[in-house]
Amino acid sequence: MATLDELPPYRRAQLVWRWAHQGLAYVEGLVRNAEKQPCHLPSAPPGPPGQTLAVPGDDGRFHLEQAGQLLCGETETADGWSHHQHCGWIERERGPEEWMGGRLDDPDAVTWGSLVVEWTVRPTGPGVDPGIVERPDRCHGGRYELLHLWPPRPARTASVRRLRAALVAELGPDCHLCGLYPGAMVDHDHQTGQVRGLLCAFCNRVLEECPHLTDCPRADYLLSPPAAGLNLRYPASQEATRQRKIELLGFDPFEGLHPALLQTMISTERQGKCMSNGISITGQLDPHEWSNEDTAAYEAAIEAVNGAVGAYSALIAAEKAKDAPEQGVIDDARAARSRLAREREGLRSTDREQIAATRARYAQLAREVLAGIA
């Protein structure tokens, strides 16, 4: 029978992190009871094999079609393909709002409402690439899985668009774990920033809940990520979520797991590279794929702030590694890290003076912090 301690250190930390709200005893039981019960991959999408197209319908929306069948339709009748869709909403004092998910005990909700709408659809034109259809124009009828057959819309930031393009070029556009649905999310290790692959919404949601050592497709993916050889790094920071989960747990399960990371950060910074959480991302991909100068400058500023956040994280790790760590140094570094995360949220891509000043100030700050612990 496997135990939590048998998992590799980082896998163990991931699992404890994932279930922070349940407590450590819950995670230990999860691992013990997981033997001989490998995690399941999502079921195959409905419909016959063949190329999927988006065809316009007489209801004003686009519908997924495969081998002549509308996947969002129930059955074909003389009047067209029958459809049904569940709709939910919240009545608030200011009026009704579409329910997009969330807490069912929402204190601001006056009443909850739902109904099932049924209608028929006739295709009115030739099929097009589903990827070019905007979300409001997509049919949301039929089975839940159909929502994930639509290709993802372009990411909001140029850096993530570049990462997605690199993953698709090297490993294909479908989920790199199940291979059944379009890859919607650039999956990455939230502690190191290493990009692991492209995942569909199903696999992305449940991947790190896997409690297995081996003999499970999710465990195999985590042990040997498909994109590991590409050496890509994700630029976003998860600092706010990090601090909230550390408060829930009472400790940081990742602390001290990567002693070599500090030296990597120091040596990288000495070479003058811009870092995101201590690791360069700009050197990995072609610069011509940036969308425009403002976006490039904005994301370089974000990386500069992230580099400073990473430098303070390295300072905390270095101080804790001492025989007699000074708690005041650790507390000051944590406060600075939180302040930087808040300032990062205030950056505006259209404010060129702010962006230029941020890039210069925080790149210098990261160098100063790292020089102090070298």
Same cluster or not: are Leu213 and Val27 linked, directly or through other Ile, Leu, Val, Met, Phe, Trp or Tyr residues, by side-chain heavy atoms under 4.5 angstrom apart?
yes
Working to the nearest 0.5 Å, report the span between OG1 of Thr52 and CD of Gln69.
10.5 Å
Between Val186 and Leu199, is there shared hydrophobic-cluster membership here, with clusters defined by ILVMFWY side-chain heavy atoms closer than 4.5 Å?
no
Sorted by first residue and then second, give each salt bridge (Lys or Arg N to Asp or Glu O under 4.0 Å) pair with at least one member in residues 212-227; sequence neighbours left out.
none
Could you see if Val160 belongs to whatever hydrophobic cluster contains Met185? Use Ile, Leu, Val, Met, Phe, Trp, Tyr and a side-chain cutoff under 4.5 Å.
no
On a heavy-atom basis, which atom in His63 and which in Arg61 lie closest, and how many Å separate them?
CD2-O, 3.2 Å
What closest approach, in Å, do Ser82 and Thr120 show between heavy atoms, and which atom pair accounts for it?
CA-CG2, 4.2 Å
Quick one: closest heavy-atom pair of Ala34 and His212, and the distance?
O-NE2, 3.0 Å
In sequence, state the C-alpha distance, the side-chain angles, and the governing distance for Cys72 and His83, and then conclude on side chain to side chain contact (heavy atoms under 4.5 Å, CB included).
CA-CA 7 Å; Cys72 47; His83 280 61; 3.2 Å; yes
Between Leu53 and Leu70, is there shared hydrophobic-cluster membership here, with clusters defined by ILVMFWY side-chain heavy atoms closer than 4.5 Å?
no
Is it true that atom NE2 of His86 has more than 12 heavy atoms of other residues, nucleotides or ligands lying nearer than 6.0 Å?
yes
Side chains of Pro217 and Cys39, heavy atoms from C-beta outward: is any pair under 4.5 Å?
no
Interatomic distance, OH@Tyr221 vs SG@Cys210, rounded to 0.5 Å, equals 12.5 Å
Between CG on residue Asn204 and OH on residue Tyr181, distance to nearest 0.5 Å
15.0 Å
For residues Leu7 and Arg12, report the shortest heavy-atom separation together with the two atoms involved.
O-NH1, 3.1 Å
Are Phe202 and Val206 linked, directly or through other ILVMFWY residues, by side chains that come within less than 4.5 angstrom of each other?
no
Counting only N and O atoms by type, is there a donor-acceptor contact under 3.5 Å from the side chain of Asp58 to the main-chain atoms of Arg122?
yes
Please answer whether the main-chain N or O of Gly193 pairs with a side-chain N or O of Arg233 as donor and acceptor at a distance below 3.5 Å.
no
Could you pull out the closest heavy-atom pair between Arg138 and Val133, with the gap in Å?
NE-O, 3.0 Å
Would you tabulate the side-chain donor-acceptor contacts of residues 164-180 under 3.5 Å, counting partners in other chains and residues two or more places apart, or write 'none'?
residue, atom, partner, partner atom, Å
Arg164, NH1, Gly183, O, 3.4
Arg164, NH1, Ala184, O, 3.3
Arg164, NH2, Ala184, O, 3.2
His176, ND1, Leu198, N, 2.9
His176, NE2, Gly172, O, 2.9

Is any side-chain heavy atom of Thr214 less than 4.5 Å from a side-chain heavy atom of Leu223?
yes
From Tyr312 atom OH to Glu319 atom CD, the distance as rounded to the nearest 0.5 Å
13.5 Å
Between the CH2 atom in Trp150 and the CG atom in Asp137, the distance rounded to the nearest 0.5 Å is 9.0 Å
Would you give the length of the straight line joining atom CG of Leu222 to atom CZ of Arg196, rounded to the nearest 0.5 angstrom?
5.5 Å
